[in-house]
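Written out below as structure tokens is the structure these notes cover.
FYI, the numbering just counts along the sequence from 1. Note: hydrogens, waters and symmetry copies are ignored here, and every other heavy atom, side chains too, is used. Bear in mind the structure is a predicted one, so any value in this text is a computation, not a measurement.
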Amino acid sequence: MKTIAITYSKGGVGKTATAVNTAAVLADEGFRVLLVDLDPQGCATANFSVKKDMESFPTAFELLTGDSEPSGAIIHTGIKGLDLIGAEYRLSKINDFLYDPEKCPKEIAQYILKDRLEEVKNNYDFCLLDCLPSDDMIKKNALSAANYVVLPAIADDYALTGLEYLSKELAEVKRTTNPALSVLGVLFTMNENTAVKKAYTDALSNGQNIFPVFQQTIRKCSKIPEALNHQKPVVHYRCTAGRDYVAFTYELLTRLGYDNYSVDKLKQQQLFQPYLAHKGRG
Ligand SMILES: Nc1ncnc2c1ncn2[C@@H]1O[C@H](COP(=O)(O)OP(=O)(O)OP(=O)(O)O)[C@@H](O)[C@H]1O
Ligand SMILES: [Mg+2]
């Protein structure tokens, strides 16, 4: 199982949209995928039509406290191959547990998620972690558990500061808890077809060498907030951001060494046959 943390130092940059849609495309491609919602607001969870009452069903909170086995917290999303460990408000209290040495020994507090995910590693090809922007124990757990990180960002004036901050944060993670952590790249989200946006994207793609950047960007698209209301990933719609997430996932797979996921081939196919039809759902 390859574990990928979707993380960034700022809020509202498209982390959850990236986690949900990348997970859906990976599942559509036949991979077995586990998405773990690590946000107490449960935004990733809200993207699916989950029939469970999350106030009583085990979530990421019980996974971290040890009150539930990972298998007990897993929910089938209704999308073939895509499972979810959900989150809800009580996850906001997890830091009280993780920072309390009487409840959780200090030496293991950052490794609990990694440890729990070990138990399901043979059941999944990919585990995606939807992180919060805050620097707390939840994120420390995510970055200790991950093999890779993807960094969704908005190409604007603040992006460089965000990337510099992240380079320090990730360097510290590599020095302390997870030396093998690898950055797959920055993914520019909410892209717009304007000269200013293009200038920022070009400058941040070619003018910085802090992190690699994905060629694919995700366009700003009204279907993304709408998809949440329909509790269906946007990749299951015919829309620009949906197509972008499919192409992004292909680029991600190529970066991970999977040979059959050429973005050029996908784009040629999409000219004639939208992704849904391509996957038998059109
Ligand atoms: N490509 C897009 N086009 C238009 N709206 C988008 C796009 N991506 C995300 N959004 C919207 O922007 C808002 C923030 O997106 P999202 O929740 O994915 O960000 P986030 O980084 O996970 O935020 P947080 O830090 O609060 O968890 C949401 O309302 C989402 O629907
Ligand atoms: Mg989010």
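- A cation-pi contact links Lys232 to Tyr237, judged by a cut-off of 6.0 Å to the six-membered ring centre and 45° from its axis.
- One hydrophobic cluster holds both Leu143 and Val186 under the rule that ILVMFWY side chains link at heavy-atom gaps under 4.5 Å.
- Put simply, the side chain of Lys139 reaches to within 4.5 Å of the side chain of Glu169, judged on heavy atoms.
- When the options Asn21, Thr240, Thr189, Thr18 are evaluated for a side chain to side chain donor-acceptor pair (under 3.5 Å) with Tyr245, the one that passes is Thr18.
- For Tyr158, the OH atom is loosely surrounded, since the number of other residues' heavy atoms within 6.0 Å does not exceed 12.
- Remark: Lys198 does not engage Glu192 in a salt bridge, criterion side-chain N to carboxylate O under 4.0 Å.
- Distance alone, capped at 3.5 Å, is enough to place a donor-acceptor pair between the Lys197 side chain and the Ala155 backbone.
- Side chain of Thr22 to backbone of Thr249: no donor-acceptor contact under 3.5 angstrom is found.
- In this structure the side chain of Leu98 reaches within 4.5 angstrom of the side chain of Asn141, judged on heavy atoms.
- By the 4.5 Å heavy-atom criterion applied to side chains, Leu91 and Leu64 are counted as neighbours.
- Between the Asp244 side chain and the Ala247 main chain, no donor and acceptor come within less than 3.5 Å of each other.
- Tyr250 and Glu29 form a side-chain donor-acceptor contact under 3.5 Å, judged by distance and modelled atom types alone.
- Residue Glu118 forms a side chain to side chain donor-acceptor pair (under 3.5 Å) with just one option from Lys121, Arg116, Lys114, and that option is Lys121.
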